[in-house]
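A quick write-up on the structure given underneath.
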There are 2 protein chains.
Amino acid sequence: MRARRATINDVADAAGLSRGTVSRVVNGEKYVSAEARMAVEAAIAQVGYVRNTAARNLVTQESRAIGLIIHEPHSLLFEDPNIGSILLGANEALSKADYQLVTLIIDSDRDSRRVADHLRGGLIDGAVIVSARASDPIAAAVADIGLPAAFVGHPDGTPDLPYAAIDNVEAARAITSRLLGTGRQRVGMIASALDRDSGQDRLAGFRAAMGERYDPRLVVEYPLYTYAAGFEGMQKLLRRDPSIDGVFAASDAVAAGAMTALQEAGRRVPEDVGIVGFDDSSWALRCRPQLSTVRQPAGLLGTTAAELVLAQLMGLPSSPRVLETVVMWRGSA
Amino acid sequence: MRARRATINDVADAAGLSRGTVSRVVNGEKYVSAEARMAVEAAIAQVGYVRNTAARNLVTQESRAIGLIIHEPHSLLFEDPNIGSILLGANEALSKADYQLVTLIIDSDRDSRRVADHLRGGLIDGAVIVSARASDPIAAAVADIGLPAAFVGHPDGTPDLPYAAIDNVEAARAITSRLLGTGRQRVGMIASALDRDSGQDRLAGFRAAMGERYDPRLVVEYPLYTYAAGFEGMQKLLRRDPSIDGVFAASDAVAAGAMTALQEAGRRVPEDVGIVGFDDSSWALRCRPQLSTVRQPAGLLGTTAAELVLAQLMGLPSSPRVLETVVMWRGSA
DNA sequence: GTGGTTTCTGGGAGCGTTCACAGAGCGTTC
DNA sequence: GAACGCTCTGTGAACGCTCCCAGAAACCAC
């Protein structure tokens, strides 16, 4: 296969010094004479040495890498704009601390096993788990190994690990109230992803805001936060009650689909029907009229979760963090 | 920190057998008695042994992991639906071959250095490089190390590595011709991402199809394949020539932005202006009317690039692969 | 019984590092 | 001039695993 790579011994020989000295130079330690340092650097260049990280990890017992585990069904990887932001946010925090972010995607049971092996194998010092479902086996595996880890979100039934999340219940309650405040009489919801905490909580918040006025017939459910769910869901709601005049969609993508369905049905937004979403993703500004929605600090969620892992790595206590959301009021309601 | 993990020796002691036998059991080799196998398995469960991958990699000189390097500006990670598909496609191929996909994102110069270290350090047996720009330093680094690698796409000025790509020139030429075939007289283009091969080639294909009718005043350029670029670009084209009746947008996201701009300007699509895109991403079906576009097999590109790397790993020759595109003709032109 | 093959097990060597320690050299202080 | 402290360097011993060889044990055939 590949030609044998130069080792620290080759460098030592070429420089006429010992292994130890080379190691000290490579790691930038003190107690190396200027002379020796230069000789080593020349030798490194000469033999083309690069340090073998696997060997280093073996003795230092750490890898300076953090895994970010994405466990999403196929389609959502494209539809959900939050994932990209979370990824970049986490990368930023880790990069600053000089840790390498390693993203592992789980797309099949086979992946699940291999990723678990990867985690256990000592190739990773900690993990950020994104979008775990309730009772996710990979989350259990992480806890089992005792790997420092943190969730983005905090599904039920998962081990007691710190998390970075928003208060979906409160945020959903807030925007629904605001929608009701525009004088709507018949308000429905297109709920999604009830197999995870965000979906459940947004529904709970909607319910709380509606109080007496809550009518289960005006709630439809879909498995994923997608445009298609919003489109179909809105059509179904219109069929169930043509007098509907307000909708809370569980995400911006869902809201966008709902808006298209409304407009195709000849309803004006916001005059006839007011519509609000959730996420403040790029969808929100792209809709006509622009979407009133809840801003979710996706990048910050990633950053925070990464910091929670780093804290554990440094032996500091780390506890859950709930981040603020804000209602962005625009033209759709 | 974490409690010391059980090693292969602990298992050997617990089972009353030797290191060698335990290793044979763990790796599923033959020449182990049923008796010994059972004893080892019991001991593994008892002491909670998991193999240390770093140590294993050190001696076997391989990691069974392939890196996928994403070097994208911030915003594109959300806008470009191809990246998700490429990721999943690559993961599928690697998963089958029992390799772990490790995604590394580059978002700053600091990342660039760290990723290069990661590649060099022996933590990865090969790499798939997505969306490298012309003369990308990381691509050069990969070639320099001699790591088996493949590109998705094939930017100019990058080292001589195999790639999986589509023929952007031909595909752009084909869909532009089709657009011209609907009898349009004044056809423009919203070009994007001219710093990479795909952007350049789509423009070249457009130009080839236009032939005599090519008018540089009807081409606008934007740095990224975004909705916003399409929106602004279309407005600019309308100002330059209100009689414009056809547009080729460099991607579906761009086309979607252009369509919104057209509709806001009171033009009917496709009656007044025909519009075609590129990618056949989820954008295409979401537009009203649905977009005529070029289907780009994004998942297959990822799969193919991964296979090119695997082939190199097995010592087989691997040469560039150009995949087929097909024109999807819908309602927008 | 002898010789040969096959199955199974143990343990030394080595993968490329870091770490801890020993010791050399040199200057400073009492 | 002895004692002490710094700076600098070399080396043995790990880290946890796989590989390979030697040899024991079991079986078969003559």
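The basis for the numbers below is simple: all heavy atoms, side chains too, and nothing from hydrogens, waters or symmetry mates. Letters A, B, ... are given to chains in the order of the sequence lines, protein chains preceding strands, and every chain is numbered from 1.
Judged by Watson-Crick or G-U wobble contacts below 3.5 Å, the nucleotide D/dA25 has C/dT6 as its partner. With a cut-off of 3.5 Å on both pairing distances, the Watson-Crick or G-U wobble partner of C/dG23 is D/dC8.
Counting any heavy atom pair closer than 4.0 Å across all strands shown, B/Ala54 reaches no nucleic acid atom. Among the protein residues, B/Asn57 comes within range of no part of the nucleic acid, since none of its heavy atoms lies under 4.0 Å from any strand.
Atom CD in A/Gln61 sits 8.0 Å away from atom CZ in B/Arg5 (nearest 0.5 Å). With rounding to the nearest 0.5 angstrom, the CD1 atom of B/Ile129 is 6.0 Å from the CG atom of B/Leu161.
Contact detail for B/Ala39 and B/Ala15: the closest heavy-atom pair is O-CB, 3.9 Å. Nearest heavy-atom pair, B/Val115 versus B/Ile105, reported as atom, atom and distance to 0.1 Å: CG2-O, 4.3 Å.
Close to C/dG10, at under 4.0 Å from its OP1 or OP2, lies a side-chain N or O of B/Thr21. Remark: A/Thr53 is not in phosphate contact with C/dT17, judged by side-chain N or O atoms under 4.0 Å from OP1 or OP2. For D/dT18, one of the phosphate oxygens OP1 or OP2 lies less than 4.0 angstrom from a side-chain nitrogen or oxygen of B/Ser23. Taking side-chain N and O atoms only, B/Arg51 has a distance below 4.0 Å to OP1 or OP2 of D/dT18. For B/Arg19 and C/dG11, the shortest distance from a side-chain N or O to OP1 or OP2 is not below 4.0 Å. Side-chain N/O atoms of A/Gln61 include none lying less than 4.0 angstrom from OP1 or OP2 on D/dA14. Note on B/Asn27: a side-chain N or O is less than 4.0 Å away from OP1 or OP2 of D/dT18. At C/dG10, one or more side-chain N or O atoms of B/Ser18 fall inside 4.0 Å of OP1 or OP2 (strictly under the cut-off).
Toward the 5' end of DNA chain C, the nearer of the two residues B/Ser33 and B/Leu58, judged by each one's closest nucleotide, is B/Ser33.
Between B/Tyr31 atom OH and C/dT5 atom C1' the separation is 10 Å, expressed in whole Å. Remark: P of D/dT9 and CD of A/Glu35 are 8 Å apart, rounded to the nearest angstrom. Regarding B/Glu62, its CD atom lies at a distance of 17 Å from the P atom of D/dC17, rounded to whole Å. Between A/Ile8 atom CD1 and D/dT11 atom P there is a gap of 14 Å when expressed in whole angstrom units. Between A/Arg24 atom CZ and D/dG10 atom P the separation is 8 Å, expressed in whole Å. Computed from coordinates, the A/Asp10 CG to C/dC15 C1' distance equals 13 Å when rounded to whole Å. As a whole-Å value, the separation of A/Asn9 CG from D/dG10 C1' is 13 Å.
Looking at A/Ile69 and A/Thr103, their side chains never come closer than 4.5 Å, going by heavy atoms from C-beta outward.
Here the nucleotide nearest the side chain of B/Glu29, chosen from D/dT18, C/dT17, D/dC19, is D/dC19.
Checked options B/Leu313, B/Asn91, B/Ile124, B/Val102; the residue passing with B/Ile66 is B/Leu313 (criterion: side-chain contact (heavy atoms from CB on, under 4.5 Å)).
The stretch residues 39-50 of chain A comes close to DNA chain C through A/Tyr49, A/Val50, each having a heavy atom under 4.0 Å from the strand.
Between the side chains of A/Asn52 and B/Arg120, no donor-acceptor pair of N or O atoms lies under 3.5 Å. Inspection of the B/Ser63 and B/Asp125 side chains reveals an N or O donor paired with an N or O acceptor under 3.5 Å.
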